[in-house]
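These notes are about the structure you will find just below.
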Amino acid sequence: MANVMFIEGKIYKMYNEKIRNIAIIAHVDHGKTTLVDALLRQSHIFRENEQVAERVMDSNDLEKERGITILSKNTSVMYNGIKINIVDTPGHADFGGEVERVLRTVDGVLLLVDAFEGPMPQTREVLKKSLAANLKPIVVINKIDRPGANPLKVVDQVLELFIELDASDEQLDFPVIYASAKNGIAKMHLEDESDNVHCIFDTIINTIEPPKCDMDGTAQLLVSNIDYDDYLGRIAVGRIERGTIKNGMPIAICKPDKNTQGKIAKLFTYVGLKKTEVDEAKAGDIVALSGIADINIGDTICDINNPDKIPFVDIDEPTVSMTFSVNNGPLAGKEGQYITSRHIRDRLFKELERNVSLRVKETDSADSFEVCGRGELHLSVLIETMRREGFELLVSRPKVIIKEIDGVKSEPMERLVVNVPDDSIGTVIEKLGRRKAEMVNMEPAEIGHTKIEFRIPARGLIGYRTEFLTDTKGEGTMNSIFECYEPYKGEISSRTRGVLVAFEPGISVTYGLYNAQERGELLIGAGVEVYEGMIVGINSRNEDIAINVCKEKHLTNTRASGSDDALRLVPPLQFSLEKAIEFIAEDELVEVTPLNIRLRKVILDSKTREREARRNSAQ
């Protein structure tokens with residue numbers, strides 16, 4: 001009678017034996033979404049002749065372009081009569097809020113670790129959260145076919161990590177599976193032969209317990225995610241903790257500050273990649289339901305006669321803030337559809353409903369909003385999404401969120417892991433030293449590369465990635481994760497080069513740009529509309545120069561051999577949104593429109609800017 005419970009003489013069924021709920025967690029690029037692909041294909045979710053894209057769970061345009069997972073997503077497979085609900089989670093630390101939420105809906109985790117790289121910063125972070133939630137882990141050593149892979153060494157590193165994180169004896173007794181998700185194979189021992197991933201399904205069913213839940217109680221569900229459908233509106237996603245939820249039933253919605261009532265319009269469960277409408281679903285299953293217009297993450301859906309709220313998980317606080325403001329430049333409103341502060345405000349507050357680790361504060365100015373997130377990538381994905389939706393806005397340089405802890409000014413510290421070619425080690429250590437980084441560990445990686453671990457203020461990482469790629473000739477990799485707050489480390493030197501600023505409005509001309517490129521690198525080509533105060537290039541020295549890129553050559557009747565040859569321009573640097581945000585200084589902004597990303601000064605007028613600079617230097 002292990003799966004029943006006695007309360008006041010009544011018998012309550014405690015387990016839903018036909019279901020297993022599991023999340024796949026790992027560091028970025030360790031193969032989570034590729035493994036979900038293999039599990040879906042081999043569970044015969046797709047027809048034999050069905051065309052299926054790679055990384056089928058990364059359905060968002062930005063996810064496909066960047067090759068990363070940004071939003072956690074649900075799917076399910078049937079194996080030997082048991083339904084396995086699988087949640088694919090993001091690997092980037094910036095999207096950690098997505099992982100923290102979904103761990104509430106599962107009973108175990110598949111921890112994926114690269115057989116070459118071993119445990120990385122985010123591996124540690126997601127595992128720490130899983131162990132704290134008392135979830136049962138299964139370790140999958142992925143990419144065993146990768147050149148230089150050392151699966152047995154990685155298993156030892158994973159075990160050390162579990163011990164470091166104070167795992168219980170039961171959690172330390174984890175099964176290990178060796179896999180190559182790309183080739184669709186998995187095995188329990190390296191020497192075994194295999195041509196499928198069935199051992200992963202078997203291990204999930206045998207290791208992960210069925211969801212513990214009161215099958216006969218009154219209905220209760222915690223909303224852990226929000227989906228949206230153009231026809232159905234907001235869709236709440238979560239696991240049924242208790243009882244049965246039926247299509248069309250009246251319900252109570254427990255919010256943080258009040259209780260309201262509603263009715264379920266449609267009820268869905270996940271079958272493969274599709275949502276399938278059902279009449280009822282029992283405790284332990286992960287479901288989606290529509291019909292409640294103002295439902296939010298963290299709300300509890302209960303039986304109308306027994307409102308009983310479930311406490312929601314604490315999401316880690318943001319560490320980086322940026323100012324989003326209305327575009328007030330000369331070209332404002334020419335390219336975007338949504339340009340007013342009302343549009344921007346509504347969009348940001350709408351984002352808060354599903355992006356739980358984001359914070360938005362209104363400022364003294366009605367045209368500006370302070371947006372706080374987990375990191376530059378977290379905020380830049382939001383900006384890029386808004387840009388594609390037709391928004392036009394200005395964004396400032398990211399700032400870290402400084403706190404006062406016990407009367408001491410404190411700042412966020414990050415744990416940074418870099419993998420660099422041996423001939424770049426000196427340069428990387430020197431540059432990071434200037435940014436107040438402390439080396440913690442150094443060990444050889446693959447042939448010709450070294451893995452170095454640092455502790456560094458989050459401020460020191462802003463604007464460093466581009467410099468790092470240049471110093472390592474594009475061969476280096478860097479990953480960081482928030483660790484804790486520590487006393488302020490002092491000033492950190494920022495950008496060492498000035499910029500070339502357009503002197504007057506007009507259309508850039510080859511002749512004017514040719515003269516400008518002698519002073520540095522260009523950011524624009526010929527035939528581009530510019531305005532006074534727009535940044536058109538990077539100066540080779542550390543001061544800003546106002547330059548006329550619209551200057552044309554005055555025609556005369558005199559001709560001289562050689563002097564009238566075609567002028568050749570060096571191709572301009574192309575800045576992505578992340579690079580532009582990293583590059584700008586305190587007195588600069590990025591102008592984001594659906595068609596262009598421009599850099600500009602906060603004060604556009606050159607005379608006012610010089611006067612302000614003199615006043616600041618006098619102080």
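In this structure, Phe468 places its CZ atom where more than 12 heavy-atom neighbours from other residues, nucleotides or ligands lie under 6.0 Å away. Residue Arg146 qualifies as enclosed at atom CZ: its count of foreign heavy atoms under 6.0 Å is above 12. For Lys451, the NZ atom sits in a packed shell: over 12 heavy atoms of surrounding residues, nucleotides or ligands are nearer than 6.0 Å.
Leu589 is not listed as a side-chain neighbour of Val395, based on a closest heavy-atom distance of 4.5 Å or more. Taking 4.5 Å as the limit, every side-chain heavy atom of Ser180 sits out of range of all side-chain heavy atoms of Lys143. Counting heavy atoms from C-beta outward, Glu351 and Val360 have side chains that stay 4.5 Å or more apart. A heavy-atom distance below 4.5 Å is not found between the side chains of Leu111 and Val140. Side-chain contact between Phe583 and Leu599 is present, with heavy atoms from C-beta onward closer than 4.5 Å. Proximity of Val197 to Ile185: side-chain heavy atoms (C-beta onward) are nowhere separated by under 4.5 Å. Residues Ile22 and Leu110 meet the side-chain proximity criterion, which asks for heavy atoms closer than 4.5 Å. Side-chain contact between Leu577 and Val592: present, with at least one pair of heavy atoms (C-beta onward) separated by less than 4.5 Å.
Checking side-chain atoms of Arg609 against main-chain N and O of Ile603 turns up a donor-acceptor pair under 3.5 Å. Under the 3.5 Å distance criterion, the side-chain polar atoms of Ser194 are matched with a main-chain donor or acceptor of Ala186. Not one N or O on the side chain of Glu610 forms a donor-acceptor pair closer than 3.5 Å with the backbone of Lys607. At least one donor-acceptor pair closer than 3.5 Å links the side chain of Asp114 to the backbone N or O of Phe116. No donor-acceptor distance shorter than 3.5 angstrom exists from the side chain of Glu411 to the backbone of Val400, with no hydrogens or angles considered. Distance alone, capped at 3.5 Å, is enough to place a donor-acceptor pair between the Ser396 side chain and the Thr323 backbone. A donor-acceptor contact shorter than 3.5 Å is absent between the side chain of Ser130 and the backbone of Leu135. No donor-acceptor pair under 3.5 Å is formed between the side chain of Lys489 and the backbone N or O of Ile456. Side chain of Ser508 to backbone of Gly525: a donor-acceptor contact under 3.5 angstrom is found. In this structure a side-chain-to-backbone donor-acceptor pair under 3.5 Å is present from Arg435 to Gly460.
Contacts of Glu483 classified as side-chain hydrogen bond (donor to acceptor under 3.5 Å, both in side chains), with partners at least two apart in sequence or in another chain: Arg415, Arg455. Partners of Glu521 according to the salt bridge (Lys or Arg N to Asp or Glu O under 4.0 Å) rule, which considers only residues two or more places apart in sequence or in another chain, are Arg497. Evaluation of the side-chain hydrogen bond (donor to acceptor under 3.5 Å, both in side chains) rule for Asn150 yields no partner, not counting sequence neighbours. The side-chain hydrogen bond (donor to acceptor under 3.5 Å, both in side chains) check on Glu414 picks up Ser480, with sequence neighbours excluded. Evaluation of the side-chain hydrogen bond (donor to acceptor under 3.5 Å, both in side chains) rule for Asp422 yields Thr450 as partners, not counting sequence neighbours.
Shown here for Val158 and Val139, the closest heavy-atom pair between the two residues is CG1-CG2, 4.0 Å. Smallest separation of non-hydrogen atoms from Ile144 and Ala149: O-CB, 3.9 Å. The heavy-atom pair separating Val509 from Cys550 by the smallest distance is CG2-O, 3.8 Å. Ala26 and Leu112 get closest at one heavy-atom pair: CB-O, 3.2 Å. Closest approach of Ala181 and Ala38 over heavy atoms only: O-CB, 3.9 Å. Residue Glu376 comes nearest to Pro398 through the heavy atom pair CG-CG, 4.0 Å, listed as atom of the first residue, atom of the second, then distance.
Of the N and O atoms on the side chains of Thr363 and Glu370, not one donor lies less than 3.5 Å from an acceptor on the other residue. In summary, the side chains of Asn539 and Asp544 do not present any donor paired with an acceptor at a separation below 3.5 Å, with no hydrogens or angles considered.
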Could you walk me through whether Ile177 and Met188 pass the side chain to side chain contact (heavy atoms under 4.5 Å, CB included) test, one step at a time?
-> CA-CA 5 Å; Ile177 300 169; Met188 300 306 291; 3.8 Å; yes
Could you give me the CA-CA distance, side-chain angles and deciding distance for Leu523 and Phe575, then say whether side chain to side chain contact (heavy atoms under 4.5 Å, CB included) is met?
-> CA-CA 8 Å; Leu523 295 177; Phe575 271 12; 4.1 Å; yes
Apply side chain to side chain contact (heavy atoms under 4.5 Å, CB included) to the pair Lys551 and Tyr514, showing each step before the final yes or no.
-> CA-CA 10 Å; Lys551 185 179 175 186; Tyr514 186 75; over 6 Å; no
What's the verdict on side chain to side chain contact (heavy atoms under 4.5 Å, CB included) for Leu348 and Met386, showing C-alpha distance, side-chain angles and the deciding distance?
-> CA-CA 9 Å; Leu348 291 175; Met386 288 175 69; 4.1 Å; yes
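With rounding to the nearest 0.5 angstrom, the CD1 atom of Ile141 is 9.0 Å from the CG atom of Leu152. Distance CG/Leu500 to CG/Leu522: 7.0 Å, rounded to 0.5 Å. Atom CG of Leu393 is separated from atom CZ of Arg387 by 10.5 Å, given to the nearest 0.5 angstrom. Taking CG of Leu127 as the reference point, atom CD of Gln171 lies at 8.5 Å (rounded to 0.5 Å). Rounding to the nearest 0.5 Å places OG1 of Thr34 at 10.0 Å from CD1 of Ile24. Atoms CD and CG, on Glu612 and Asp605 in that order, are 11.5 Å from each other to the nearest 0.5 Å.
The aromatic rings of Tyr485 and Phe482 stand perpendicular to each other, their planes meeting at an angle above 60°, with 30° marking the opposite boundary.
For the side chain to side chain donor-acceptor pair (under 3.5 Å) criterion with Glu588, the lone passing option out of Arg600, Lys601, Arg397 is Lys601. Test Arg459, Lys409, Lys436 against Tyr488 for side chain to side chain donor-acceptor pair (under 3.5 Å) and you get one pass: Arg459.
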Distance-only donor-acceptor pairs under 3.5 Å for side chains of residues 424-432, two or more places apart:
unit_1	atom_1	unit_2	atom_2	d
Ser424	OG	Asp471	O	3.3
Glu430	OE2	Arg434	NH2	2.6
Lys431	NZ	Glu467	OE2	3.4
Lys431	NZ	Asp471	OD1	3.2
Lys431	NZ	Asp471	OD2	2.9

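Geometrically, Lys187 does not engage Tyr178 in a cation-pi contact, judged by NZ or CZ lying under 6.0 Å from the ring centre and within 45° of the ring axis.
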